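Both counts, for ligands and for their atoms, begin at 1 and track the order of listing. FYI, the numbering just counts along the sequence from 1. Worth saying up front: this structure is predicted, and the values here are computed from it rather than measured.
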Amino acid sequence: MGKICEAEAAKSGLGSGGMSWRYVFMFSIMLNLSLLFSRFTQDIKTSATGFVGSREEQRKPELSPLSFADKPPACAVAKMGTNSYCSAIGVDNPVINLDHGDPTMFESFWRSMGDRSSIVISGWQLMSYFSDIGNLCWFLEPEFARQIRRLHQVVGNARSEDHHIVVGTGSTQLFQAALYALSPSDASEPTSVVSAAPFYSSYPSITDYLKSGLYKWAGDAHTFEKKGPYIELVTSPNNPDGYVRKAVINRTGGILVHDLAYYWPQYTPITSQADHDLMLFTVSKSTGHAGTRIGWALVRDKEVARRMTKFIELNTIGVSKDSQLRAAKILETVSDSCGHSDDSDHPAENFFEFGRHQMTKRWEQLRDAVVKSGMFSLPKFTNDFCNHTGQTIEPHPAFAWLKCEGGIEDCESFLRGHKILTRSGRHFGVDSTYVRISMLDRDETFNLFIERLSGIRS
Ligand code: PMP
């Protein structure tokens, strides 16, 4: 062996020095490994101390802590017009990202449910494209349909008996399916799509990104005057401002799509059973399972439901069965939990009571912080009787629609100066004195946000 080594070394011209080269080589590998390791641990530290928010958000380059230069200012000074503002924040204060409505607040409830909401899917199961070939929506899992109808019955927020169910990859896909189904294919020009400002910021881009010949974004419903057919999106409670809404145009030739993503008891009193022609729902906001990417539409008209189904067939040949069955189990767990009344022994048994409790607490904290700061204002809501809880309750929307007062014209930039990331009113069809702030992040992020906001003074 030694001979072979020596022969090899001699061939390469290294002789006994070859051994030392080998040591150098190994040493260099070890050095590189240790450098990589220290870089890795540094990255972990940065994401643990320098950033609060979901992992998805951390990937967005414009949200990187580096955008605050190497060292964040001890006192975040923002100059707005002739005024400058400073918040009492430390050097290690992380960026708080409340731009997205990622519903991670609900994780703690689902963790407490343990295996009650788990499903197991074997490798041989759910392999076919088809779920229910006798059904108009042939890729809808019957168990998911059953749990949807059951939950609407238990909560009392929508009538589903006279409606067809169409499942989608999130209500985002169903929204597009609805536009496709409701726009006449033989019209001389694209059907106008409108929503009253402030409207959900994704509507304009989702409507126009493919430059469809069937439909076209036409802006704020309040100022829409064009003659002819139109589709009005009615979001109730509304994203971003949380108000309960009705259609604003009310003209013949108009078709309504009701986006009821937030019509659930943790956010708003359930005042009646919604019974519109086309209603959109999603597990993203009802149960917090945004990553499951499942939504459903309740559609009265058979032909519209058929065309929506066709859209999804052309777009994705159906919707993940795995996700539908997971969603079915989640809805089942929520319906079952509604039989429980919360008490101190079982603080998180009832899903909607858990959600309502969290939201009530958060809105109280937020209103206190706004008063302490004196630089912002929030919408005011009126209490209403909730048929689901049997109590008169206040709305607690999933987003805070915050207005900067005192002459601050760009509220998003102002808060960014304090390392709070929000979404400007401009994205919602209004001015930049407003921002939308997610109320659904994890406790640690939300508490930090409240602390930071309270410290902003003029
Ligand atoms: N509609 C509204 C009003 C929303 O706020 C959202 C999510 N932000 C959606 C639809 C999209 O939901 P999904 O995750 O099911 O696509």
Side-chain angles (χ1 to χ4, degrees), residues 53-54 56-57 97-106 144 148 151 157-158 165-179 193-207 209 217 221 231-247 256-264 266-268 274 276 278-298 308 311-312 315-316 319-320 323-324 326-328 330-331 355 359 395-401 422-423 425 427-429 435-441:
S54 74
E56 247 44 61
E57 290 154 1
N97 190 349
L98 298 172
D99 174 11
H100 301 279
D102 202 16
T104 45
M105 181 191 89
F106 298 103
F144 184 45
I148 288 169
L151 185 62
N157 62 342
I165 298 175
V166 181
V167 62
T169 300
S171 68
T172 299
Q173 189 182 36
L174 289 163
F175 167 60
Q176 295 166 72
L179 296 185
V193 180
V194 295
S195 188
F199 42 72
Y200 172 38
S201 51
S202 293
Y203 289 152
S205 42
I206 296 174
T207 305
Y209 79 111
W217 178 250
I231 297 171
E232 181 178 347
L233 312 166
V234 182
T235 312
S236 186
N238 191 37
N239 172 0
D241 63 14
Y243 287 117
V244 169
R245 285 189 154 188
K246 286 188 165 41
L256 303 180
V257 173
H258 281 82
D259 187 338
L260 304 185
Y262 302 94
Y263 192 43
W264 296 98
Q266 67 271 46
Y267 305 121
T268 192
H276 308 288
L278 204 164
M279 301 180 271
L280 302 180
F281 292 93
T282 166
V283 292
S284 301
K285 308 300 164 156
S286 53
T287 69
H289 291 81
T292 305
R293 306 305 305 127
I294 287 288
W296 66 96
L298 301 180
M308 287 179 72
F311 175 90
I312 292 170
N315 193 219
T316 45
V319 174
S320 163
S323 281
Q324 289 188 60
R326 177 159 193 235
I330 295 293
L331 297 197
M359 296 306 288
H396 297 114
F399 295 102
W401 187 232
T422 61
R423 194 170 296 183
H427 300 286
F428 304 89
V435 289
R436 190 195 74 171
I437 299 174
S438 170
M439 295 291 285
L440 300 183
D441 215 296

As an exercise, identify every atom of ligand 1 less than 4.0 angstrom from a heavy atom of Arg293. 13 (P), 14 (O), 16 (O)
Show me which atoms of ligand 1 lie under 4.0 Å from any heavy atom of Gly170. 15 (O), 16 (O)
Which heavy-atom pair separates Ala290 from Asp102 by the least distance, and what is that distance? CB-OD1, 4.4 Å
Keeping the roles fixed (side chain from Lys285, backbone from Trp264), state whether a donor-acceptor pair exists under 3.5 Å. no
Heavy atoms only, cut-off 4.0 Å: how does Thr235 contact ligand 1, side chain, backbone, both, or neither? side chain
How are the rings of Tyr267 and Phe106 set to each other: parallel, tilted or perpendicular (split at 30° and 60°)? perpendicular
Give the contacting part of Phe175 toward ligand 1: side chain, backbone, both or neither, where contact means a heavy-atom distance below 4.0 Å. neither
Contact check, side chains of Ile330 and Val283, non-hydrogen atoms, under 4.5 Å: no
Below 3.5 Å, N or O to N or O, backbone or side chain included: is there any such pair between Tyr203 and ligand 1? no
Nearest to atom 8 (N) of ligand 1, what protein heavy atom do you find, and at what distance? Tyr200 OH, 3.3 Å
Which atoms of ligand 1 are found less than 4.0 Å from any heavy atom of Lys285? 7 (C), 8 (N)
Between Trp401 and Pro198, is there a side-chain heavy-atom distance shorter than 4.5 Å? yes
Say whether Thr169, considering both its backbone and side-chain N or O atoms, lies within less than 3.5 Å of an N or O atom on ligand 1. no
Shortest reach to atom 16 (O) of ligand 1 by a heavy atom, considering only Thr172, Leu440, Asp259: Thr172
Mind checking whether Ile312 and Val166 have side chains closer than 4.5 Å, heavy atoms only? yes
Give me the nearest non-hydrogen protein atom to atom 5 (O) of ligand 1 as residue plus atom name, then the distance to 0.1 Å. Tyr262 OH, 2.5 Å
Measure across Gly288 and Pro103 and return the closest heavy-atom pair with its distance rounded to 0.1 Å. O-CG, 3.4 Å
Short version for Gln173: what comes under 4.0 Å of ligand 1, heavy atoms counted, is neither
Do the non-hydrogen side-chain atoms of Tyr203 and Asn239 ever get within less than 4.5 Å of each other? no
Side chain Gln266, main chain Ser286, donor-acceptor under 3.5 Å: yes
With heavy-atom distances below 4.0 Å as the criterion, list the atoms of ligand 1 near Ser284. 13 (P), 14 (O), 15 (O)
Could you check which of Ser195, Ser236, Ser171 puts a non-hydrogen atom nearest to atom 10 (C) of ligand 1? Ser171
